[in-house]
Amino acid sequence: MKFKAQILDELAVKRAMTRISFEVVERVNLNNAVLVGIKTRGVFLAQTIRENIMASSGINLPFCELDITHFRDDVRSEVKVNTEKLSEPVEGKDVILVDDVLFTGRTTRAAIEAVMASGRANSVRLAVLVDRGHRELPIRADFVGKNVPTSTREEIVVHLSALDGETSVSIYEKVL
């Protein structure tokens with residue numbers, strides 16, 4: 001992949017996550033909500049939202065990690081079926097799924113299926129740091145840090161300091 005541009009630096013990512021957090025506070029009943037971070041980067045972004053909400057409202061939202069491997073439609077190899085439920089109950093809750101990039105919608109579809117396998121949520125909303133378009137499924141994010149129109153030859157790469165030693169969002173062009 002060939003580097004094209006940095007879209008968000010560390011400060012811009014922090015601002016976007018703060019904005020998403022305030023939108024969640026404004027539009028979600030926090031007393032009935034649970035944050036669900038989609039592994040891997042969505043987990044760290046969900047923790048950031050949780051910390052921001054705790055700092056601004058004093059509410060410590062329940063939080064859990066979600067591995068969607070078993071629910072993906074593009075993995076054909078034998079995957080061990082995960083029969084474990086989420087670590088937080090979702091029955092009757094307002095679930096906020098958190099992921100780094102929304103592209104085709106397939107990861108979100110798999111995550112919704114995984115949540116529903118754990119219980120019947122009252123609602124499921126989606127928070128993403130970057131929405132890059134090109135949906136294959138009728139899915140949209142409720143909370144978006146930044147919309148970045150891309151071509152299908154481009155890729156969005158999110159780096160988070162907890163995993164990568166730096167925080168940024170960049171765009172790369174796939175080399176054919």
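Quick caveat: nothing in here was measured; it's all calculated off a predicted structure.
The distance from the CD1 atom of I171 to the CG atom of L8 is 11.0 Å, given to the nearest 0.5 Å. Separation of atoms CZ (R132) and OG1 (T104) is listed at 9.5 Å; rounding is to 0.5 Å. The structure places OG of S118 at 10.0 Å from CD of E91, a figure rounded to the nearest 0.5 Å. Atom CG of L61 sits about 4.5 Å away from atom CD1 of I53, to the nearest 0.5 Å. To the nearest 0.5 Å, the span separating CD on Q6 from OG on S168 amounts to 5.0 Å. Considering CE of M17 and CD1 of I49, their distance stands at 4.0 Å, rounded to 0.5 Å.
Sorted by first and then second residue, the side chain to side chain donor-acceptor pair (under 3.5 Å) pairs involving residues 135-147 (not counting sequence neighbours) are R106-E136, D131-R135, R140-D142. Note on residues 103-146: pairs passing ring-ring contact (aromatic ring centres under 6.0 Å, His included), not counting sequence neighbours, are F103-H134. Listed by first and then second residue, the side chain to side chain donor-acceptor pair (under 3.5 Å) pairs that reach into residues 52-62 are S21-N52, R50-N60, sequence neighbours excluded.
Considering only residues two or more places apart in sequence or on other chains, E26 meets the side chain to side chain contact (heavy atoms under 4.5 Å, CB included) condition with none of them. Listed by chain and number, the residues in a salt bridge (Lys or Arg N to Asp or Glu O under 4.0 Å) with E10 amount to none (sequence neighbours excluded). Evaluation of the salt bridge (Lys or Arg N to Asp or Glu O under 4.0 Å) rule for E51 yields no partner, not counting sequence neighbours. With sequence neighbours left out, R27 forms a salt bridge (Lys or Arg N to Asp or Glu O under 4.0 Å) with E23. Here F22 pairs with nothing under the ring-ring contact (aromatic ring centres under 6.0 Å, His included) rule; sequence neighbours left out. Taking A121 as the reference, V95, V115, V124 meet the side chain to side chain contact (heavy atoms under 4.5 Å, CB included) condition, with sequence neighbours excluded. By the side chain to side chain contact (heavy atoms under 4.5 Å, CB included) test, S151 is found to be paired with R153, E154, residues two or more places apart in sequence or in another chain being considered.
When every heavy atom of A127 is checked against every heavy atom of I20, the shortest pair comes out as CB-CG2, 4.1 Å. Taking all atoms of both residues into account, the shortest heavy-atom contact from L97 to A111 is CD1-CB, 3.8 Å. Summarising the geometry of G145 relative to A16, their closest heavy-atom pair is CA-CB, 3.9 Å, with the distance given to 0.1 Å. Across all non-hydrogen atoms, the minimal contact from A141 to V128 is CB-CG2, 3.7 Å. The heavy-atom pair separating E88 from F63 by the smallest distance is CG-O, 3.5 Å. Taking both residues in full, the closest heavy atoms of A114 and L66 are given as CB-CD1, 3.6 Å, listed atom of the first, atom of the second, then distance.
Linking ILVMFWY side-chain heavy atoms closer than 4.5 Å, directly or via other members, places M116 and I139 in a single hydrophobic cluster. At a threshold of 4.5 Å between side-chain heavy atoms, the hydrophobic network of Ile, Leu, Val, Met, Phe, Trp and Tyr places V144 and I7 in two separate groups. A single hydrophobic cluster is not seen to contain both L129 and L11; linkage of ILVMFWY side chains at heavy-atom distances under 4.5 Å, directly or through other members, places them apart. Both I112 and L126 belong to a common hydrophobic cluster when Ile, Leu, Val, Met, Phe, Trp and Tyr are linked at side-chain heavy-atom distances under 4.5 angstrom. Put simply, V130 and I96 are part of the same group of oily side chains (I, L, V, M, F, W, Y) that touch within less than 4.5 Å, one to the next.
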Show the atom names and distances, to 0.1 Å, of all donor-acceptor pairs under 3.5 Å that link a side chain in residues 32-45 to residues at least two apart or in another chain.
residue	atom	partner	partner atom	Å
N32	ND2	G92	O	3.0
N32	ND2	D94	OD2	3.4
R41	NE	V158	O	2.8
R41	NH2	D164	OD1	2.8
R41	NH2	D164	OD2	3.0

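Within 6.0 Å of NZ on K174 lie more than 12 heavy atoms contributed by other residues, nucleotides or ligands.
Between N31 and I59 the shortest side-chain heavy-atom distance falls below 4.5 Å.
The hydrophobic cluster containing F3, built from Ile/Leu/Val/Met/Phe/Trp/Tyr side-chain heavy atoms closer than 4.5 Å, also comprises M1, V157, Y172.
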List the steps, then state whether side chain to side chain contact (heavy atoms under 4.5 Å, CB included) holds for L30 with V25. CA-CA 7 Å; L30 298 180; V25 169; 4.0 Å; yes
